[in-house]
Every structure is written in structure tokens, then in C-alpha cells.
Amino acid sequence: MKRTHHCNELRPAHIGQVVALSGWVHSRRDLGGLIFIDIRDREGRTQTVFDPSDLSKEIFERASGLRSESVISVTGKARQRPAGTNNPKIATGEVEVMATALEVLNQADVLPFPVDDPEVSSKVNEELRLQYRYLDLRRPEMARNFRLRSKVATATRVYFDEQGFLEVETPILFKSTPEGAREFLVPSRVHPGSFYALPQSPQQFKQILMVAGVERYFQLAKCFRDEDQRADRQLEFTQIDLEMSFIEREDIYNLVEGLLKRVWKTALNMDIPTPFKRISFEEALNRYGIDKPDTRFGMELADFTEEFRASTFKVFSGAIANGGVVKALNAKGLAGATQGQIETMTEYAKSFGAKGLAYIKVENGEWKSPIVKFFNDGEKGALTKKLGIEEGDLILFAADQWLTACEILGKIRLYSADVLKGQGKLSIPSDRFDFLWVVDFPLLSFDKEQNRWYSSHHPFTAPVAEDIPLLATDPKKVRGQHYDVVVNGMELGGGSIRIHQPDVQKTIFEQLLQIPPDTVKARFGYMLEAFRYGCPPHGGIALGFDRMIAILCGTPSIRDVIAFPKTAKGTDLMAESPTPVEPKQLRDLHIELKVGRKE
RNA sequence: GGGGGUGUAGCUCAAUUGGUUAGAGCGCUGCCCUGUCACGGCAGAGGUUACGGGUUCGAGCCCCGCCACUCCCGCCA
């Protein structure tokens, strides 16, 4: 046996016992005639002492030659540290182990970067951390993330088990249904020219499981999407996926609120209040300019369409005449914004199709703005009243179609908040979590370029019952039974009540989404058929597990909570994937390359 | 596909804005040191300034290209 205790276990009660510790050399303090080795395992660390008066010369010399991060086993007697030498910084700081034996289990080379110094190692270039991920993961901050991830996964499973859910594994080798995200394809050896696809989500299988009578399904499901990545998006990621039969939206809200309550209690020992607030898609856009609002600070958008309908300022009145709106935002205290910051905001606005970004700086009791000369007293009064304008404020305007105007100011609102945070004028406690449900999404959105409707969520989402007649007459007014759960401006998950009537599903596919009937049959025929043989009403949701863990760990990147993440370009710097393959492998798969092999 | 940022010793960073031999801390190597815990002291090694071109008397610094990492837009039913 290599150890009797772990490295965060020894206390004064163990004094006098002969113990064996195994772990990594955390630090070595060689005083010449006396050597201290801190030995570390995943639980903590303990000081061991090598005193030549009690030891063979050979062992003492072996100790003096030890390098950081070598793996060793030390045997010796636990004892009280001499008076005045306790180390209050570590839990084992009252005791030490007088070494009588030392075994070097693995001699470590000099490390490419330090893992024992949190100050330095947290700043190490991420490229290097990913290349030597096994060293990076030894850092206590990373180890803590993965311990938390594991605890939350377990709490999730326990919760769903208590709620009567079955965990069912669905296939990783699925079929291509190129409706949503780009898929990863897997060539079939047995069926030349045919491919599997990795699932973007287990959506179709979980609905089929409802037809199968499972009633309550969940899974910590691996999902794959071949899209460009972000700090919160990886090619492969994990969802808490669930589906229930014989339920309505309220049942999902209830269930998910219970889950998140349990998770936050488990991870952070926090009691989050439920039920969560609810806000409609329309209200979210009107007030926050985004469908996943961060409600931890104000600076809400206000509407001035009526006030400027007859304005002499043609940019505003003209936009309104075109069916658009005028919206404004008070970036409180940002009048001191630099020209560069205004420039950045303007560029930002332009990237959303805005022609410019009108603004008013309120400084020294004066409205400084290129456009204020066009405003009459009534318009100025309305602005002051609705926006609560005070000295030092920066007012920003968007005049455009409703959705565009809202989204522009939504982005500007978040940008302004970041600037204010940087100036110390806005601070949000790190333990504040504003959860809310966003509901009443439009079922369909219109793609101008392709001149057709597409599903806002996915094509299996049920319309709100009273809106069904509008499908034929005014599709854009139809609300879907879709819901997103949002925390602090981040989308944590989304789902819907599904269509469980094959004729409604067929109408959505063929008449609204304009997918040709034979394509519908080829891609979704088995689902439509399944729905004909007794399909219960059902619905579900999927929560981004990696994102949730990142939020709980307080890190902006999900790479910090995924053991072996990929880079932004989709490579694994440690294992060095992807790679070319042998010609024989390609021949077996009936694949011929059109690119030269890189050497 | 597009835009921004970064790249200098093993690691983290500097280099007076184009000027002589590219520095510091940590780490590493050697020597000294019996109560340290960021141990201490002395000495030393370590550089294709990511890479390839160009401008210049002279380039880490300017220009062009390229690679990698990263953030964002597009994309993510």
C-alpha cells in the first residue's frame, strides 16, 4: 500500500502514528542540513521533514535531488511541529511527517510552466495550458472546477431520479437532418456513400421516447455542432436534456426551477428564490433590446415613437413614417465617454444595419449633441421625463424597424454597462443571479434572403393553441410554446411544448417551412409515423451543462470546465487532432480526398 | 468568411518609440546553509524577438505576407 492517509488528513490526533503519504512534490525547501518536502495530492498538502540524523545518507541525498512534481511516497511518524513553526495557511499545518523512507515513484522533468504558484500559473498562455492539459488540471483552481462539475452532475441525476425520470442513452451515430446547425458526418464503411451524423441534440430520440411511453426522460447528453466557436461554445458539449409527457409549460418551469435550486444549493450553498420572473419576448426586446436580458442593472430602453412622429428631425420622423420606431437609452453617467468609445458604439450600431448612432451628452447643464437643435421643447421634455435625464448622462438613440432598433440599443446597453464597470460607476455583486423565463417567442421568423419562414426555435415546437388559426393567415403573429431560461444575460437553456399531432407537424414542415414532401418523408418520416401510433402530448428543455458549470465557477470560458477542450479552430493541442489518415482507411470508407495531404 | 488583440529566455513580463553587447523576477544548474513553508546567500547557463520577405547605414520596434492562440460579427433549426 502506497498510502495510509491523504495529504489533507493529518491532524494533531494522528501524532505518534506511522503514516505513508503519496503524491506530488509540491515544494522543496533544502536548508542543507535539513530538507522540507511538501507532498501534495488532490486533497491538500502535508509537510514532510528529512533529518540526516535519523536517516541513511542515501535517502537524504535522494530527497535533496527531488524535483518539483515528481511522484513520491514518504513513510514516517506524524508528529507535532516544534513550537512556533506551525503553518496556519494549510489545514495540516500543525503536524509534519518525520520521514524514514522515501520512494520515488516517478521522476519528473522540469515542467514547462509552474503549477504550484497560483499567481503565475493562472496567467500562463492558454495555448501552453491546453498543450499540457494534465499539468493545467493539477492546478487547484482547475481541480476545484472539476470537482464542482462532478458534484453538480450527481446532484442532477439524484434530482431527476427523485422526480421519477429515467436516464436513457441515445445514439451518437445518428442520421443527417440538415435543418439546424452544421453536422459532423461519419462515413459508413458498410454502406458506401452513406453517412451517419453526430447529433446536434437528442431532440428526435427524446420525442420518440415519449411515444415509447417513457414519460419522463433525462440525459447528460453529448451534443455536436460543427459551427465556429466562442468562449461559451465548443464543437462538442454537454446538455442536461429532458422530456416529459402529459404536461404543460408550467410543469417544465416548476421542474427546472427545482433543479436549479438544487444545483445552486449544492454548488454554492445558495438558496435561489423561485418561481423565476417571466418576461415575454416582446417585452424583453422593448425593455432590454435582447431576448436574454441581463436584469442586474437598469438602463432600460424607452420608446419615443409617438413623441417624434411629427418631429422636424427627419431621421426620426422618416424612420417612423417607414413603419419603424424611435428608441432611446440613458447610459447613466457616461457623458464623459471618449470620442473613441462613441466611435466604437457607432461602429457596433452600424454592424447591425444602423446608419449611425445619435447621442446627447449632458454636461455642465447643457445638452451637447449634433441633433439637439432639431428638438422642440415638448420633445426635450418627454426625453427628460421618460429617461430621467440628469447631469452626466449619455443618451443614445436608434431609429429603425422595431426589432433592429431594439437590438442595436440592446448591444449598446451591454457595452455601456461594461464601460461603466470599468470606470467603477457600476458594480454588480459576483454572487447575484437574476434568473428569468423568457416566453411567448414568435413561432416563425422570416428569412428575407431566402424569402421563406423558418422556425425560431425548432420545427417541433407547438404553437400557442389560440394562435393556431393565424398559421394560415398571419404566421408572424403566431406565438410558440417555447421558453428560455436566462441568468444574468446568459441563455442557460431553452425548450418547448412539442407538436404531438402528425397533421400539424406536417403542415409546419410542408406549408410553412416549405420543405418538399419527399424531403420531409426522408428526414422525418419515421417521426411523423410514430406520432400516428399513440403520441402523448409532451415537451421538454435542454440546459447547457458546461455553461452552467462555468457560471457556477465564475469563469467566462467553458474551456475552464471541460477537461479536454478544443481551441477556437477546433484543434486539440495536446493530442494534436484532427489529423490526416492513412490511404487504406479512406479506401475502406470509400472516400477520395480533393485536398492534398499536408506534410 | 470578416474585424480586433496577442506572440521577446522554460514561465510572467520589460526594452526610453528605429540606435551599440535584448534586460528583470521566478524557474533551471553548481556551491554554501539544521526549522523552512514565496526559505535564504553566492555564482552560472539560458534568446533564430512565432515564421518568411521588404524598407533602412542600422529593425524586437516600420511595411508586406504567413502561422498559432484569443475575443467579437456572420454562423449556432
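Letters A, B, ... are given to chains in the order of the sequence lines, protein chains preceding strands, and every chain is numbered from 1.
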Base, sugar-phosphate alone, or nothing: which one does [X] contact when heavy atoms must sit under 4.0 Å apart?
X: A:K566; result: nothing
X: A:R523; result: nothing
X: A:Q203; result: base
X: A:E179; result: base

Quiz item: Would you say a side-chain N or O of A:K411 is under 4.0 Å from OP1 or OP2 of B:C73?
Solution: yes
Quiz item: Can a side chain N or O of A:S121 be found less than 4.0 Å away from OP1 or OP2 on B:U12?
Solution: no
Quiz item: Base, backbone or nothing for each nucleotide of nucleotides 31-41 of chain B, written B, S, -, heavy atoms under 4.0 angstrom, 5' to 3'?
Solution: --BBBBBSB--
Nucleotide nearest [X] (side chain, heavy atoms from C-beta), chosen from [options]:
X: A:R230; options: B:C73, B:U12, B:C76; answer: B:C73
X: A:R233; options: B:G10, B:C75, B:C69; answer: B:C75
X: A:R559; options: B:C71, B:C69, B:G27; answer: B:C71
X: A:K123; options: B:A68, B:C71, B:U12; answer: B:U12

Quiz prompt | Reported OG-to-CG distance for the pair A:S121 and A:L135, which is rounded to 0.5 angstrom | solution = 11.0 Å
Exercise. Supply the atom-to-atom distance A:K521 NZ to A:M527 CE, rounded to the nearest 0.5 angstrom.
Key: 16.0 Å
Quiz item: Any Lys/Arg nitrogen of A:D241 or A:K206 sitting under 4.0 Å from an Asp/Glu carboxylate oxygen of the other?
Solution: yes
Exercise. Assess the side chains of A:Q207 and A:Q203: does a donor N or O sit below 3.5 Å from an acceptor N or O?
Key: yes
Quiz prompt | Between B:G41 and B:G53 - C1' atom distance, rounded Å | solution = 49 Å
Self-check item: Donor-acceptor pair (no angle test) under 3.5 Å: A:D228 side chain, B:G74 base
Solution: yes
Quiz item: With distance as the sole test, does A:D232 use its side chain to make a donor-acceptor pair with the main-chain N or O of A:P556 at under 3.5 Å?
Solution: no
Quiz prompt | Side-chain (A:T48) to main-chain (A:V97) donor-acceptor, under 3.5 angstrom | solution = no
Which atom pairs, donor and acceptor, lie under 3.5 Å between side-chain atoms of residues 411-418 of chain A and protein residues at least two apart or in another chain?
{"residue": "A:R413", "atom": "NE", "partner": "A:G298", "partner atom": "O", "Å": "3.0"}
{"residue": "A:R413", "atom": "NE", "partner": "A:M299", "partner atom": "O", "Å": "3.2"}
{"residue": "A:R413", "atom": "NH1", "partner": "A:D294", "partner atom": "O", "Å": "3.4"}
{"residue": "A:R413", "atom": "NH2", "partner": "A:D294", "partner atom": "O", "Å": "2.9"}
{"residue": "A:R413", "atom": "NH2", "partner": "A:F297", "partner atom": "O", "Å": "2.8"}
{"residue": "A:R413", "atom": "NH2", "partner": "A:G298", "partner atom": "O", "Å": "3.0"}
{"residue": "A:S416", "atom": "OG", "partner": "A:I412", "partner atom": "O", "Å": "2.8"}

